[in-house]
Amino acid sequence: MAREALLGAFDQGWADPDKLSYQSSTARILRDESVATIASHLKIAPYQLEFIADSALGNFHAITGLLKPSTLLIYSAIDRSEVMAIAHDRKSVQLAVASNAEINCDSLEADLPHDSLLALQVANGETGVIQQCNRIIEIFPTSKIACDFSSAGLRVPLPDRWDSAFFDAKSWQGPEGVGIIAIAADDQWRNPLPHIGPQRTTSSVSLPLLMATAVAMDSWVGDEATESQRLRDLSTFLRSEIRAGIPDCDIAGDLDNSLPHINSFSFLYINGEELLRHLDRAGFAVDSGSACSAQNLTPSHVLAAMGLLTHGNVRITLHHGAQHDDVVALVAALKSAVSEIRST
Amino acid sequence: MREVDCLNLRCPLPIIEIAREIKTVSVGQSLVLLSDDPATWPDLQAWARLTGNEVARENEARFTVTRRSQNDPGDR
């Protein structure tokens with residue numbers, strides 16, 4: 001459906017919405033309708049939204065737009081690598097996590113500076129674990145809060161208090177290359193990049209992608225009512241089959257506190273890249289957090305912070321429409337791949 | 001203590017190697033693992049948890065591994 005909308009949008013929505021012509025005003029109406037749809041699903045006002053094509057840059061904007069040079073940045077050990085990069089050359093505190101990925105605030109100094117920002121990853125993309133956001137935010141009553149919803153998407157409600165939030169259209173199976181920055185109060189946030197125009201941000205997203213994002217959202221929300229529990233049941237089945245059928249395996253996090261569709265397994269003595277190749281040959285496209293590929297030599301900081309095995313890792317994401325038979329076939333492929341690799 | 005040299009080996013080879021070598025010592029005895037892969041320390045700790053053995057880090061690239069389990073941890 002999003003694909004059809006995208007193709008249609010290239011016919012209707014090609015004009016520049018900010019110019020004076022019939023096509024431009026059509027484009028402007030289409031843009032406003034899409035933004036209104038997106039805003040209503042997010043439960044955020046349209047004027048609070050900015051759109052950006054790059055996901056990592058979008059999250060960077062959502063955080064750094066709230067930072068002053070003096071602001072203390074508080075973030076967790078399992079946050080995204082761009083947050084680590086922001087923290088690297090400024091005043092910052094890293095929060096440890098427990099083995100179930102829950103943020104641990106016990107080690108925190110009693111009096112944090114008033115001028116601080118909590119970068120809060122609502123759900124972790126590698127493991128699917130959801131943080132107890134409102135409980136954590138209570139611990140930081142004077143801090144600004146930048147929420148990263150790029151994995152949580154529409155599956156987790158906005159916390160009671162937030163200053164910026166970042167969303168990625170991929171989390172509702174929308175198109176790649178649409179990031180959404182929500183800014184609670186205009187006077188708290190300023191564009192961290194040099195201003196080259198009158199707009200609040202310099203980046204924008206092409207209108208057809210914006211329209212496809214809105215359509216994907218409508219369609220995802222419609223399906224989610226039934227799909228959420230079905231995917232959770234499939235993940236329960238997948239995890240119990242792996243636990244029972246493959247020895248020496250770490251499963252990240254507890255499904256009860258996780259997104260229903262993300263599953264991370266690490267198999268002892270297995271090279272992650274080799275495992276991906278086996279699964280690819282069997283027709284399954286999965287992701288790995290392992291460092292066994294040439295371009296990435298450091299192990300997953302997320303798995304390491306949780307005390308889990310970092311090698312032999314696969315992340316299995318179940319999309320809307322995934323079937324029980326697919327999971328059965330995947331388990332069989334994993335079992336045979338792991339035993340084959342372990343025996344060589 | 002006998003040294004198992006896994007310098008320049010990438011994950012999971014140092015873990016596979018130590019699992020193979022630990023079978024050659026009796027319960028309570030230790031080996032030294034040399035490895036400079038950044039994944040070795042997190043993975044060695046996870047291995048110890050999964051197989052019931054004990055590990056300690058001496059320095060950046062030197063680890064002590066003590067056999068605590070009767071089982072062959074390297075069964076693979």
Side-chain angles (χ1 to χ4, degrees), chain A residues 77-78 81 84 96-101 126-127 242-243 246-252 264-276 288-314 335 337-344, chain B residues 4-25 27 30-76:
Chain A
I78 58 168
S81 45
M84 309 280 159
V97 297
S99 60
N100 65 357
E126 239 177 88
T127 62
I242 300 283
R243 197 175 277 122
I246 306 181
D248 292 330
C249 169
D250 265 344
I251 303 179
S264 164
F265 304 103
S266 301
F267 301 101
L268 190 58
Y269 310 130
I270 296 287
N271 177 315
E273 206 178 48
E274 206 177 336
L275 185 54
L276 294 195
S288 172
S290 293
C292 304
S293 55
Q295 67 270 44
N296 181 7
L297 294 177
T298 47
S300 156
H301 68 273
V302 174
L303 298 173
M306 293 170 71
L308 300 174
L309 203 58
T310 71
H311 69 239
N313 178 263
V314 289
K335 275 187 194 169
V338 168
S339 77
E340 196 176 317
I341 297 170
R342 281 182 177 166
S343 67
T344 51
Chain B
V4 179
D5 184 353
C6 292
L7 294 171
N8 299 318
L9 291 184
R10 307 273 313 134
C11 72
L13 293 174
I15 309 298
I16 292 174
E17 208 48 48
I18 202 68
R20 189 174 289 146
E21 291 296 326
I22 202 77
K23 288 189 222 177
T24 66
V25 304
V27 173
S30 302
L31 290 169
V32 168
L33 171 67
L34 303 178
S35 169
D36 51 4
D37 185 298
T40 294
W41 181 229
D43 285 357
L44 201 57
Q45 293 173 90
W47 171 82
R49 173 173 49 76
L50 287 167
T51 62
N53 291 293
E54 194 178 306
V55 292
R57 187 175 204 173
E58 307 302 327
N59 63 40
E60 204 57 23
R62 188 181 172 92
F63 310 88
T64 306
V65 182
T66 306
R67 181 164 185 183
R68 294 288 176 212
S69 169
Q70 298 286 347
N71 304 332
D72 269 353
D75 275 348
R76 50 174 240 105

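Just so we're on the same page: letters track the sequence lines, and every chain starts at 1. The model shown is predicted, which means the values in this text are computed figures rather than measured ones.
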**OP:** Write down the atom of A:Gly307, the atom of B:Ala46, and the distance for their closest heavy-atom approach.
**Re:** O-CB, 4.2 Å
**OP:** Over all heavy atoms of both residues, which pair between A:Tyr269 and B:Pro12 is shortest? Give the atoms and the distance, please.
**Re:** C-CG, 4.0 Å
Subject >> Result of checking B:Pro14, B:Pro42, B:Cys11 against A:His311 for side-chain contact (heavy atoms from CB on, under 4.5 Å) >> reply: B:Cys11
Original post:
Under a 4.5 Å cut-off applied to non-hydrogen side-chain atoms, are A:Leu309 and B:Ile15 in contact?
Top reply: no
Original post:
B:Glu17: what forms a salt bridge (Lys or Arg N to Asp or Glu O under 4.0 Å) with it, not counting sequence neighbours?
Top reply: B:Arg20
Original post:
Are B:Arg49 and A:Leu308 close enough, and set up right, to give a side-chain contact (heavy atoms from CB on, under 4.5 Å), and what steps lead you there?
Top reply: CA-CA 9 Å; B:Arg49 173 173 49 76; A:Leu308 300 174; 4.1 Å; yes
Original post:
Between B:Leu44, B:Asp43, B:Leu50, which shows the greatest number of heavy-atom pairs under 4.5 Å with chain A?
Top reply: B:Asp43
Subject >> Distance (rounded to the nearest 0.5 Å) between B:Asp37 CG and A:Thr310 OG1 >> reply: 8.0 Å
